[in-house]
Amino acid sequence: MYQLETSAAFDSAHFLSDYNGKCANIHGHRWTIKVSVCADSLADSGEKRGMVIDFGDLKKAVRSLADSYDHALLYEKGSLRAKTLEALFEEGFKLIELDYRPTAENFAFAFFGQLRAQGLPVRRVTVYETPDNCASYLEE
């Protein structure tokens, strides 16, 4: 099996609602998304002959995904009061509401789905919350 990998990073803030610990407070990370794509065979014709996928296409998709989350407050739906959201929007902050708790595990699963929906042969997505701590979603 052939495997290609690329990565991209973004900076954002989050917090974990209903959590008993430091991560209940708003804090930031330099998140890194590492994506692996796999194929049993290589293209046998055309301009992509001998490739699983063009690295340029893969890098563009992963970079675009990372850029869409960059310099934002990522928060779980229902975790902030309406007045708080109103004040943050009035200040012009970039806010991204998520249908899930903003954990590395949930990001790995969500990013996997977003990239797969673009037709990429994604096998694994790993999301680093810090240089030493990461979570992966792997298709078996």
Side-chain angles (χ1 to χ4, degrees):
M1 177 169 300
Y2 298 95
Q3 179 175 311
L4 281 64
E5 293 183 347
T6 194
S7 62
F10 65 96
D11 298 298
S12 70
H14 77 141
F15 65 96
L16 301 179
S17 63
D18 301 319
Y19 180 77
N20 185 20
K22 293 190 305 183
C23 293
N25 290 308
I26 295 174
H27 61 286
H29 291 288
R30 175 114 179 121
W31 303 89
T32 299
I33 308 167
K34 183 177 175 183
V35 176
S36 299
V37 298
C38 294
D40 289 325
S41 61
L42 303 176
D44 58 5
S45 63
E47 70 176 15
K48 295 181 184 171
R49 184 170 44 89
M51 298 180 187
V52 169
I53 187 175
D54 186 315
F55 264 116
D57 295 338
L58 179 60
K59 291 188 305 184
K60 182 179 178 182
V62 175
R63 177 79 262 149
S64 178
L65 177 63
D67 287 348
S68 70
Y69 288 87
D70 195 42
H71 283 78
L73 172 59
L74 311 174
Y75 69 97
E76 183 179 12
K77 184 177 185 175
S79 65
L80 291 172
R81 295 179 185 159
K83 285 184 178 183
T84 302
L85 286 170
E86 182 181 327
L88 291 169
F89 279 120
E90 283 180 7
E91 292 294 335
F93 290 111
K94 180 178 177 182
L95 307 174
I96 299 176
E97 183 180 78
L98 305 168
D99 290 329
Y100 51 87
R101 197 176 205 194
T103 63
E105 296 90 335
N106 282 330
F107 284 133
F109 179 77
F111 296 162
F112 182 98
Q114 290 175 42
L115 293 167
R116 179 59 70 86
Q118 295 177 41
L120 297 173
V122 181
R123 176 72 189 273
R124 177 194 311 251
V125 173
T126 301
V127 176
Y128 286 83
E129 183 173 284
T130 69
D132 297 322
N133 300 304
C134 64
S136 295
Y137 181 78
L138 170 69
E139 181 180 70
E140 294 288 332

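Note that this is a predicted model, so its numbers are computed, not measured. Just so it is clear, the values below take in all heavy atoms, side chains as well, and ignore hydrogens, waters and symmetry mates.
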Which atoms form the tightest heavy-atom contact between [X] and [Y], and what is the distance?
{"X": "Val125", "Y": "Phe112", "value": "CG2-CA, 3.7 Å"}
{"X": "Thr32", "Y": "Ser7", "value": "CG2-CB, 4.2 Å"}
{"X": "Tyr2", "Y": "Ser41", "value": "CE1-CA, 4.0 Å"}
{"X": "Thr126", "Y": "Ser136", "value": "OG1-OG, 2.6 Å"}

- [ ] State, yes or no, whether a side-chain contact exists between Leu65 and Asp67 at a heavy-atom distance under 4.5 Å.
- [x]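 Not touching, per the 4.5 Å side-chain cut-off.
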
Open item on the list: Any non-hydrogen side-chain atom of Phe111 less than 4.5 Å from a side-chain atom of Ile33?
Closed with: yes

Side-chain heavy atoms nearer than 4.5 Å, only ILVMFWY residues, links allowed to pass through others: does that put [X] and [Y] together?
{"X": "Leu42", "Y": "Ile53", "result": "yes"}
{"X": "Tyr137", "Y": "Val62", "result": "yes"}
{"X": "Leu88", "Y": "Leu74", "result": "no"}

Does any N or O in the side chain of [X] come within less than 3.5 Å of the main-chain N or O of [Y], such that one atom is a donor and the other an acceptor?
{"X": "Arg123", "Y": "Leu4", "answer": "no"}
{"X": "Ser64", "Y": "Ala61", "answer": "no"}
{"X": "Arg101", "Y": "Glu76", "answer": "no"}
{"X": "His14", "Y": "Tyr75", "answer": "no"}
{"X": "Arg116", "Y": "Val122", "answer": "yes"}
{"X": "Asp70", "Y": "Asp11", "answer": "yes"}

Open item on the list: Parallel, tilted or perpendicular: which one describes the rings of His27 and His29, with boundaries at 30° and 60°?
Closed with: perpendicular

Open item on the list: Whether Lys34 and Glu5 form a salt bridge (side-chain N of Lys/Arg under 4.0 Å from carboxylate O of Asp/Glu) is what I want to check.
Closed with: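 The answer is yes: the pair qualifies as a salt bridge.
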
TODO: Please determine if Glu86 and Arg81 form a salt bridge, counting it only when a charged side-chain N lies under 4.0 Å from a carboxylate O.
DONE: no

TODO: Please check if atom NZ in Lys94 has more than 12 non-hydrogen atoms from other residues, nucleotides or ligands closer than 6.0 Å.
DONE: yes

Open item on the list: Is it the case that the ring center of Trp31 lies less than 6.0 angstrom away from the ring center of Tyr69?
Closed with: no

